[in-house]
Amino acid sequence: MEFSLLVETFEQMEQTSSRLALTDYLVNLFKKTPANLLDKMTYLIQGKLYPDYEGVEMGLAERMALRAIANSSGKNLSEVEAIYQQTGDIGDAAGKAMVNKGQETLFSEPMTVERVYSTFDRIARTTGSGSQDTKLRYVSSLLNDASPREGRYIMKFVMGSLRLGIADYTVLDALAIAFTGDKQNREALENAYNVSSDLGTVARLLAEKGLEAIKSMQITLFKPIRPMLAERVVNAAEALERMEGKAAVEYKLDGERVQIHLSKDRVELFSRRLEKITDHYPDVAKASHSLKARETILEGEVVAINSQTGEYLPFQELMHRRRKHGVSEAVENYPVVVNLFDVLYLDGKSRTDLSYEDRRKLLLKVIKSGTNQIFNIVPQTVAGKESDIERFMAAAIESGCEGVMVKHLSSAYRAGARGYAWVKLKREYQSDLADTLDLVIVGALHGRGRRVGKYGAMLLASYDHKQDMFRSVSKVGTGFTDEHLDQFYKELEKHIIHQRHARVDTGMEMDVWFEPAMVIEVIASEITLSPSHTAAMDSIRPGFGLALRFPKFTGKVRDDKQPEDATDTEELVAMYKRQLKVHPETKTKEDS
Ligand code: ATP
């Protein structure tokens, strides 16, 4: 398949400001793609070569990229650097620098998607000493035969600056339309995606074997499963009401969710975002082999502990484990334990259809005979009264937890779903309106005065999962230290785009726009109605969306969350309504 077809689609996507058009372009592209290339095509349009959990990166240094452009454009390095200074993006620089390069030679190979993908793959797989030179040769081999438009996207891809922001859900919609003619089939595709986390495999299977094959897709060891998620409740009474009177209550530990995949000779750990984090926790990986299971997939929360007292420490302590070098010292200095709370697969069989109670029994067996210092089963009780929950919650908070998780005793494990089979009850929900929200940064205003050269305020959006859109809910400018502001300025640079992203909806004007990528936690004093923010537009009152009053950054960057994991607009509506119950004076102010 000609690479120029993909380039054309990239260009269309980059220019559109309509979410529907994005899907249409994708549908057309998928229809033109040969079935046996669909997996690779699916990865490419998301700027990847493999599913995220493989953790494959190109790893080409910036100076090498500039040299590759110089080699193939016939310009010298300083000219290319000057163009890069101007454009701020290596892909754009390549496109510009290559404009007057000589025609392709008689011997040049055709630019096909297959060729481009396999060269990218070689670049990513080249490691070790001298690898930068080899990578440079591979990139040059492509650029030599590429047109400036092709060169632009080749370099954007290689340097990770494609920034099309095509979410998984957009791809699922497009696949359903392209291969079944019916968007409703997205649900079956989503289920298959939830148990495999691999959109490429889902796409190719659909094109080659059809919808029935998709419906029978099963959990596979070492392919992470998308986690089951919880709704919030305000108090024990609401929790019990949701659970039909009786429920399991577990500690909600403040750590990092981990999914452990274990076989006789291999173990891998995946984060909540399904990235491989085995290297951060070699101690956990090693200890997994003493668990009583031949093959299993388990879920738990890794928590940092004080090695002297055994007390739980806050989530931030785990940051010390995220490093490439000095891991063994970090293991020594920042010990962790894992509190297991679920088993999804055991000895050749998926266990997700079993009830919570049955899974818990299996989990006890897996841990029991394999006692070691790292693994525990999460503290749990079965409660039938509000006071049981409250007492257990007080104990949880005393030992450093955020609150409790309340789980329906007969519920199956629903991969990728947020629902009321699991609910979370945190201390902060009970006190007042001071709820925290996880929101996506989609735009920013330049700073003034002390903040010149940084961002003065950032535009935040919540996620509307029904429409796969990010709708603005607030600007935030407080709660940031100078270090935060520097860090954000640097971090967000990677995500700058030249216009509002097609999946972002807001009535606000911004100086800078970002592809939806970075999620931060904010706290607000109240949720109010707003004519200019578009989150949950019209759901409370026609013409009004929901907005935050006195929002403040809590200091937590939720890099364990993808933008689609941000607080949903439906959650915002629920929070607004709950606030009216607890503080009816808000109603008189807003709704009178
Ligand atoms: P939060 O922002 O509260 O961490 P979340 O969006 O990551 O939420 P939820 O399902 O809403 O996920 O809340 C549950 C989270 O709490 C899990 O992702 C997990 O990391 C953590 N957790 C701690 N203890 C438990 C437990 N016993 N059972 C399930 N999840 C737990």
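All residue numbers in this chain count up from 1 along the given sequence. One-based numbering, in listed order, for ligands and for the atoms of each. Below, each value reflects all heavy atoms present in this structure, side chains not excepted, and no hydrogens, waters or symmetry copies. Note that the structure is predicted; figures quoted are calculated from it, not measured.
Contact annotation: the side chain of Val202 approaches that of Ile214 to within less than 4.5 Å [non-hydrogen atoms, C-beta and beyond]. The closest side-chain heavy-atom distance from Lys365 to Lys292 is not below 4.5 Å. Under the 4.5 Å side-chain criterion, counting only non-hydrogen atoms from C-beta, Ile305 is not in contact with Val336. Between Arg266 and His261 there is no side-chain heavy-atom pair separated by less than 4.5 Å.
Donor-acceptor pairing under 3.5 Å is recorded for the side chains of Glu299 and Tyr413. In this model, no donor atom of one side chain and acceptor atom of the other lie less than 3.5 Å apart for Asp438 and Tyr463.
When heavy-atom distances to ligand 1 are checked against a 4.0 Å cut-off, Arg272 comes that close only through its side chain, counted from C-beta outward. Proximity of Glu402 to ligand 1, defined as any heavy-atom pair under 4.0 Å, is not found for any part of the residue. Contact annotation for Lys407 and ligand 1: only side-chain heavy atoms (C-beta onward) come within less than 4.0 Å of the ligand. With a 4.0 Å heavy-atom cut-off, ligand 1 is reached by no atom of Asp560.
Ligand 1 has Arg418 within reach: a non-hydrogen atom of the residue lies less than 4.0 Å from it. Heavy atoms of Glu521 come nearer than 4.0 angstrom to ligand 1 in no pair at all. Using a 4.0 Å cutoff on heavy atoms, Lys561 counts as a contact of ligand 1.
Comparing heavy-atom distances from atom 22 (N) of ligand 1 across Glu571, Glu231, Met405, Glu301 singles out Glu301 as nearest.
At a 3.5 angstrom cut-off on N or O pairs, Trp422 does not count as close to ligand 1. Checked by distance only, ligand 1 and Arg558 come closer than 3.5 Å through their nitrogen or oxygen atoms. Looking at Lys252 next to ligand 1, an N or O pair under 3.5 Å apart turns up. Residue Ala230 has at least one N or O atom closer than 3.5 Å to an N or O atom of ligand 1.
Applying the 4.0 Å criterion to heavy atoms of Lys426 picks out, from ligand 1, the atoms 3 (O). Distances below 4.0 Å separate heavy atoms of Leu229 from the following atoms of ligand 1: 10 (O), 12 (O). The Lys424 neighbourhood of ligand 1 comprises atoms 1 (P), 2 (O), 3 (O), 8 (O), 9 (P), 11 (O), 13 (O), with distances under 4.0 Å to a heavy atom of that residue. Short contacts between ligand 1 and Tyr251, defined as distances under 4.0 Å to a heavy atom of the residue, involve ligand atoms 24 (N), 25 (C), 26 (C), 27 (N). Within ligand 1, counting atoms from 1 as listed, the ones closer than 4.0 Å to a heavy atom of Leu253 are 23 (C), 24 (N). Counting the atoms of ligand 1 from 1 in the order shown, those under 4.0 Å from a heavy atom of Asp438 are 2 (O).
In this structure, Arg321 contributes its side chain and Tyr334 its backbone to a donor-acceptor pair below 3.5 Å.
Remark: of the listed residues Tyr455, Phe470, Tyr489, Phe488, Tyr455 is the sole one forming a ring-ring contact (aromatic ring centres under 6.0 Å, His included) with Phe514.
Ring geometry for Phe480 versus Phe553: interplanar angle under 30°, hence parallel rather than tilted (30 to 60°). Between Phe341 and Trp422, the two ring planes are perpendicular [angle over 60°; tilted spans 30° to 60°].
Note that CD1 of Ile377 is 4.5 Å distant from CD1 of Ile367, once rounded to the nearest 0.5 Å.
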